[in-house]
Amino acid sequence: MSEPFSPEGFDTFLTFLVLALAGPWLLYDTFNLIRTRKLDRRDPVVRDRHFGYVIGILIGVVGVLGCLMFQNVI
């Protein structure tokens, strides 16, 4: 039975898949955090949204850096 991907091809495919998810996630949450930075931070809803955006940014950074480190780019 032949394999659809070589091991290196599978690694590359998964890297691009994770980058395709983590990169836009990082940009989207960064954009939303910048867009909502002037809202009243005493409002619990605003604080909760900012917390969620920061967590999303961290997840995106981990995904992008993890892929780059896995491929020995950095």
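On a predicted model such as this, the values are computed, not experimentally measured, just so you know.
Tracing side-chain contacts under 4.5 Å through hydrophobic residues (I, L, V, M, F, W, Y), one reaches Leu26 starting from Leu65; they form part of the same cluster. Cluster membership for Val73 and Val61, using ILVMFWY side-chain heavy atoms within less than 4.5 angstrom, is shared. Residues Ile59 and Tyr28 do not share a hydrophobic cluster, defined by chaining ILVMFWY side chains whose heavy atoms lie under 4.5 Å apart.
Between the side chain of Arg41 and the backbone N or O of Arg47 there is no donor-acceptor pair closer than 3.5 Å.
In this view, Phe13 and Phe5 satisfy the ring pair (Phe, Tyr, Trp, His ring centres under 6.0 Å) rule, not counting sequence neighbours. Residues meeting the salt bridge (charged side-chain N to carboxylate O under 4.0 Å, His left out) test with Asp48, sequence neighbours left out: none.
A heavy-atom distance below 4.5 Å is not found between the side chains of Leu27 and Phe31. In this structure, the side chains of Leu14 and Phe70 stay at 4.5 Å or more apart for every pair of heavy atoms.
Note that CD1 of Ile57 is 9.0 Å distant from CG of Asn32, once rounded to the nearest 0.5 Å.
Sorted by first then second residue, the side-chain hydrogen bond (donor to acceptor under 3.5 Å, both in side chains) pairs that include residues 12-26, not counting sequence neighbours, are Thr15-Gln71, Trp25-Asp29.
For Leu19 against Pro24, the heavy-atom pair with the smallest separation is O-CD, 3.6 Å. Contact detail for Ile74 and Met69: the closest heavy-atom pair is CG1-CG, 3.7 Å. Minimum heavy-atom separation, Ala22 to Gly63: CB-CA, 4.0 Å.
More than 12 heavy atoms of other residues, nucleotides or ligands sit less than 6.0 Å from atom CZ of Arg35.
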